[in-house]
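Step one of this worksheet: look at the structure below.
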Amino acid sequence: MDKKVFSETKKRIHRYVAEHRLRDAFGYARSLSQGMMNWDLSRELSEAEENYRMMLSYASRGADDPGRSDMVATLGNTILELTDRLERENLAASEPTLYFNTLRYERMQSADSIGGLLDRYVKSLAHGSIFNVVSGGNSTGEGLIAMQEREALERRLFNRIWVTYPLSVSDEEALAMVFADESVPEYAKELFGWALALGGLQYFDSRRVGLLLGLYAGKKTRSSGVGLIGACLVLNAFPTRKLSRKVGLQLDALRDTADWTKDLRMVNMELVKTIDTDRITAKIRDEVVPGMMKLRPEIDKKLKQNIEDLDPSEMEENPVWQDMLHNSGLADKLKEMSEIQQEGGDVMMGTFSHLKSFPFFNEVANWFLPFHADYSAFSGGVTQADTREVADIIAAAPFLCDSDKYSFMLSLDHVPADQRKMMLQQFQMHGDQLAEISAAALTVAADDRRSVINKQIQNLFRFFRLFRRKGEMPNPFASGVNLAASGILASDLHDAEALSLIAEFYFSHGYYEQALNSFGLLGELTVPGAEVYQKMGYASQKLGDYAGAAGYYERAEMLDAGSDWTLRRLARCYMSLHRPEEALKRLRILERKKPESAAIALNIGRCLVELERYDEAVAAYFKSEYLDSGSTKALRPLAWCLLLTGDFAQSRKYYERVLSETTPTGDDYLNMGHLSLAEGKFQEAMNFYSLNISSRGAENATGSARQEAVDGFIKDMRDDARYLQRIGVDPELVPLLTDSILYNENL
């Protein structure tokens with residue numbers, strides 16, 4: 001079936017289910033199944049629809065049915081699941097994406113099942129654990145081959161779990177047994193958990209969510225973090241889908257546990273922070289690195305040695321180095337990066353993004369493989385002992401996520417032999433110190449739960465940002481993640497403390513739309529204070545919503561009438577909304593508080609001009625110019641107001657200062673022309689008007705550009721006709737002078 005037709009029909013089905021119009025939803029789903037001649041799914045649809053008819057029959061007779069709402073939700077879920085299965089079958093034959101390529105391969109392995117593959121995997125662990133292979137020194141030959149075969153089976157299992165939909169009861173039971181099996185390595189449980197999550201992002205499956213929640217319930221292990229992150233992302237991706245009764249009860253049971261709320265808040269906050277990763281990466285790329293490169297010649301000159309030869313500890317102690325950092329502004333940027341890192345911000349994304357082109361990263365599973373020093377690539381080859389020792393050190397490094405650790409280790413093979421030997425020696429000499437320094441620099445222990453979850457989310461984020469075929473995957477980070485905004489978990493996060501942290505994060509990092517939404521949710525739970533309304537006003541103002549901003553600032557003003565900051569912002573919004581009277585009221589209050597402020601006087605003048613109270617505006621601009629005589633901000637508006645009040649001599653004095661002390665604009669020439677007209681200096685007026693036309697680019701222009709400049713001048717003359725009449729210029733004279741200028745200039 002045509003993909004576009006299918007997609008449009010699917011949207012209708014989703015809308016009808018959301019509106020509880022199940023009869024129409026069944027009808028469209030049936031048309032899809034019959035059109036595809038998928039009789040198995042047609043039969044399942046018919047059975048579900050018959051159950052719906054029976055329920056309607058009971059309802060129409062007024063029968064009491066306490067389970068009716070649950071049944072409607074279940075039937076709606078059934079329709080949506082069957083529609084997903086139909087869509088999947090429609091695409092399975094020829095869709096070229098990696099998901100469907102993998103699905104077609106797995107379907108050819110019809111003898112295999114998730115349970116069978118897991119059984120093989122557990123047996124392979126029993127016959128020779130990685131620990132035994134390595135500790136026995138058998139890292140080549142048969143032992144290495146066994147490790148590689150087990151890793152291939154792990155990738156195969158990842159792919160099988162990823163593309164299986166929907167999971168069967170036997171699939172669910174087999175995975176639950178493996179997650180509970182203590183003989184299965186923790187990293188394998190993480191890997192299979194990520195496969196569940198990745199498949200769940202493709203198509204919603206309540207059993208996947210249940211398995212992920214079960215993995216989380218194991219608690220205090222790395223895999224439990226994967227379970228919670230995965231479940232959260234799947235539920236966030238499908239906010240309107242309903243969980244099965246079994247999984248719903250499982251979630252309710254978790255909500256009664258002591259750690260649920262704390263862990264969910266933690267995961268949500270780390271997911272929220274991912275929105276800032278691209279900004280951090282850009283800042284390092286565009287500001288920090290170029291700044292360091294610019295300093296290189298100065299470092300070589302002042303320290304009389306090459307930058308490659310500098311000892312980092314010496315650089316920190318060298319006052320010359322410190323002065324250079326401070327003077328260049330890099331010290332502040334590096335301090336900011338350090339603070340971002342301490343908060344859990346991802347400062348390594350840009351550094352390692354260029355090291356994701358190794359063949360290792362062509363496999364989807366490898367992006368989710370937790371780093372472990374027993375990986376076969378670190379146990380073979382000439383330098384296996386050295387490489388394994390470095391792998392042990394890197395495994396303990398808390399500042400790198402798993403994917404970056406693999407990038408680092410794989411890059412060692414591409415380092416020239418001499419440099420690699422030197423690097424390995426340095427690692428061997430300072431391995432313990434490196435781990436200690438790294439941990440201290442980050443002020444977080446390697447086994448800290450928040451740190452582990454932070455790094456797991458960084459792994460996930462890198463996959464969706466850097467994988468070569470990322471565009472084929474549904475990206476949960478595409479528009480930012482905030483579980484408190486919508487979906488089944490939103491109610492768990494609707495408390496003042498959690499929402500306040502989220503809102504403050506968004507606000508402090510400049511994500512104003514998200515901050516406004518979060519502050520709005522916070523306002524449903526608490527009575528906001530003046531500070532919250534100030535921030536909501538500021539966020540609205542930054543988004544260009546001046547009316548909304550004014551509303552929030554007004555509320556802040558009611559709660560804290562003495563805030564100068566609120567008064568200034570409110571006045572600015574009123575001016576943008578062309579409400580000068582209200583802006584003037586706030587500015588007068590500020591003026592009484594700060595009578596020596598040139599800026600306040602300047603803004604008062606602007607309000608008075610808009611109110612056409614030009615005499616008062618002149619006084620305000622004179623005051624502003626007097627208080628800040630070194631500024632030219634008041635010159636233009638003062639000259640204009642003097643012109644409109646008929647003080648032509650003073651107006652000319654200030655316009656001449658504008659022409660001599662600033663870079664003249666087209667409007668300056670236009671207004672000088674008006675002044676000359678008012679004074680009866682017609683030739684001078686025509687000269688200034690000609691300069692205005694030239695300033696629009698007409699001097700050397702031809703064709704449409706030349707005509708556009710002339711049309712712009714004529715429009716401005718018409719718009720200013722009322723001002724010219726005010727200063728005594730005959731309105732009938734204006735078009736005549738205009739034509740005369742155009743004749744003279746041959747325009």
Side-chain angles (χ1 to χ4, degrees), residues 1 3 6-15 17-18 25 28-29 32-33 36 38 40-41 44-45 48 73-107 113-114 157-172 175 192-213 227 229-244 246-248 364-365 368 460 463-464 469-478 487-488:
M1 182 179 290
K3 286 197 296 185
F6 195 106
S7 177
E8 290 174 351
T9 305
K10 182 179 177 180
K11 288 178 183 177
R12 287 195 186 96
I13 292 170
H14 275 256
R15 186 174 73 250
V17 169
Y28 276 102
L32 289 177
S33 65
M36 293 171 58
N38 190 319
D40 289 338
L41 292 184
E44 290 187 48
L45 271 169
T74 300
L75 289 170
N77 264 2
T78 300
I79 297 170
L80 297 179
E81 181 189 314
L82 291 171
T83 303
D84 285 343
R85 289 167 64 185
L86 286 165
E87 180 185 52
R88 195 164 175 268
E89 291 305 314
N90 192 48
L91 300 173
S94 58
E95 187 70 8
T97 64
L98 187 57
Y99 178 90
F100 286 101
N101 288 343
T102 306
L103 173 61
R104 285 189 287 272
Y105 172 81
E106 288 298 333
R107 283 185 169 179
S113 66
I114 288 178
L157 269 164
F158 180 96
N159 288 339
R160 187 75 177 206
I161 296 168
W162 172 32
V163 300
T164 298
Y165 176 78
L167 292 179
S168 66
V169 173
S170 60
D171 294 333
E172 181 183 23
L175 282 163
F192 302 153
W194 285 129
L196 283 170
L198 194 63
L201 290 170
Q202 194 83 31
Y203 292 104
F204 182 80
D205 186 345
S206 200
R207 284 199 177 100
R208 286 179 183 267
V209 177
L211 283 165
L212 288 166
L213 291 174
I229 295 165
C232 287
L233 288 176
V234 171
L235 292 173
N236 186 70
F238 299 95
T240 61
R241 299 294 281 265
K242 306 295 183 184
L243 293 172
S244 68
K246 174 186 173 183
V247 178
V364 174
F368 299 93
L460 193 65
F463 172 74
F464 286 107
R469 301 181 71 170
K470 59 184 179 293
E472 300 175 4
M473 311 284 180
N475 183 356
F477 302 106
I488 195 170

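Note that the structure is a prediction, hence the values are computed from the model and not measured.
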(message) Donor-acceptor check, side chain of Arg104 to backbone of Ala92, threshold 3.5 angstrom: yes or no?
(response) yes

(request) Starting at CG of Leu86, measure out to OG1 of Thr9 and round the result to the nearest 0.5 Å. (result) 11.0 Å

(message) Just to verify, what does Lys470 make a side-chain hydrogen bond (donor to acceptor under 3.5 Å, both in side chains) with, not counting sequence neighbours?
(response) none

(message) With heavy-atom distances below 4.5 Å as the criterion, would you say the side chains of Leu98 and Met473 are in contact?
(response) yes

(request) Applying side-chain contact (heavy atoms from CB on, under 4.5 Å), run through Ile114 and Leu167 and close with a yes or a no. (result) CA-CA 9 Å; Ile114 288 178; Leu167 292 179; 3.9 Å; yes

(message) Rounded to the nearest 0.5 Å, what separates atom OH in Tyr28 from atom CD1 in Ile13?
(response) 9.0 Å

(request) Report the residue from Phe464, Phe158, Trp162 that forms a ring pair (Phe, Tyr, Trp, His ring centres under 6.0 Å) with Phe368. (result) Phe158

(message) Return the NE2 to NZ distance between His14 and Lys11, rounded to the nearest 0.5 Å.
(response) 11.0 Å

(message) Working note: Tyr105 + Val163, criterion side-chain contact (heavy atoms from CB on, under 4.5 Å); need CA distance, chi angles, decisive distance, verdict.
(response) CA-CA 10 Å; Tyr105 172 81; Val163 300; over 6 Å; no

(request) Looking only at non-hydrogen atoms, find the nearest pair between Gly230 and Ala197 and report the distance. (result) CA-CB, 3.7 Å

(request) Measure the spacing between CG of Leu82 and CG of Leu45 and express it to the nearest 0.5 Å. (result) 4.5 Å

(request) Would you check if there is a donor-acceptor pair between the side chains of Tyr203 and Arg208 at a distance under 3.5 Å? (result) no

(message) Within the structure provided, determine whether Arg469 and Asn101 are in side-chain contact (heavy-atom separation under 4.5 Å).
(response) yes

(message) Is there a side-chain contact between Leu41 and Leu32 in this structure, where contact means two heavy atoms from C-beta onward sitting under 4.5 Å apart?
(response) no

(request) Would you check if Asp205 and Thr164 make a side-chain contact, meaning some heavy-atom pair closer than 4.5 Å? (result) no

(request) Might you point out which heavy atoms bring Pro476 and Leu201 nearest each other, and give the distance in Å? (result) CG-CD1, 4.0 Å

(message) Contact between Thr97 and Leu91 at the side-chain level, heavy atoms closer than 4.5 Å - yes or no?
(response) no

(request) Considering non-hydrogen atoms only, spot the tightest contact between Leu213 and Ala231 and give its length. (result) CD2-CB, 3.8 Å

(request) Quickly, which of Gln202, Glu472, Arg88 forms a side-chain hydrogen bond (donor to acceptor under 3.5 Å, both in side chains) with Tyr99? Name it, please. (result) Arg88

(message) Do Phe204 and Leu243 have side chains that approach each other closer than 4.5 Å (heavy atoms only, starting at C-beta)?
(response) yes

(request) For residues Glu95 and Asn90, determine if any side-chain heavy atom of one lies less than 4.5 Å from a side-chain heavy atom of the other. (result) no

(message) So that I can tick it off, tell me whether Glu89 and Arg107 are bridged by a salt bridge, with the cut-off set at under 4.0 angstrom between side-chain N and carboxylate O.
(response) yes

(request) Could you check Glu81 against Arg85 for salt bridge (Lys or Arg N to Asp or Glu O under 4.0 Å), going step by step and ending with a plain yes or no? (result) CA-CA 6 Å; Glu81 181 189 314; Arg85 289 167 64 185; 3.8 Å; yes

(message) To the closest 0.5 Å, what do you measure between CZ (Phe6) and CE (Met36)?
(response) 5.5 Å

(request) Heavy atoms only: give me the nearest Val247-Ser206 pair and the separation to one decimal. (result) CG2-O, 3.4 Å

(request) Quick one: list whatever passes side-chain hydrogen bond (donor to acceptor under 3.5 Å, both in side chains) with Thr74, sequence neighbours left out. (result) none

(request) Rounded to the nearest 0.5 Å, what's the gap from NZ on Lys242 to CG on Asn77? Could you check? (result) 8.5 Å

(request) Spell out, as yes or no, whether a donor-acceptor pair under 3.5 Å connects the side chain of Asn159 to the backbone of Glu106. (result) no

(message) My understanding is that only residues two or more places apart in sequence, or in another chain, count here; which of them pass side-chain hydrogen bond (donor to acceptor under 3.5 Å, both in side chains) with Lys10?
(response) Asp84, Glu87

(request) May I ask you to decide if Glu172's main-chain N or O and Arg207's side chain share a donor-acceptor pair within less than 3.5 Å? (result) no

(message) Before you tell me yes or no, could you show the steps for Leu460 and Trp194 under side-chain contact (heavy atoms from CB on, under 4.5 Å), namely the whole-Å CA-CA distance, both residues' side-chain angles and the distance that decides it to 0.1 Å?
(response) CA-CA 9 Å; Leu460 193 65; Trp194 285 129; 3.9 Å; yes

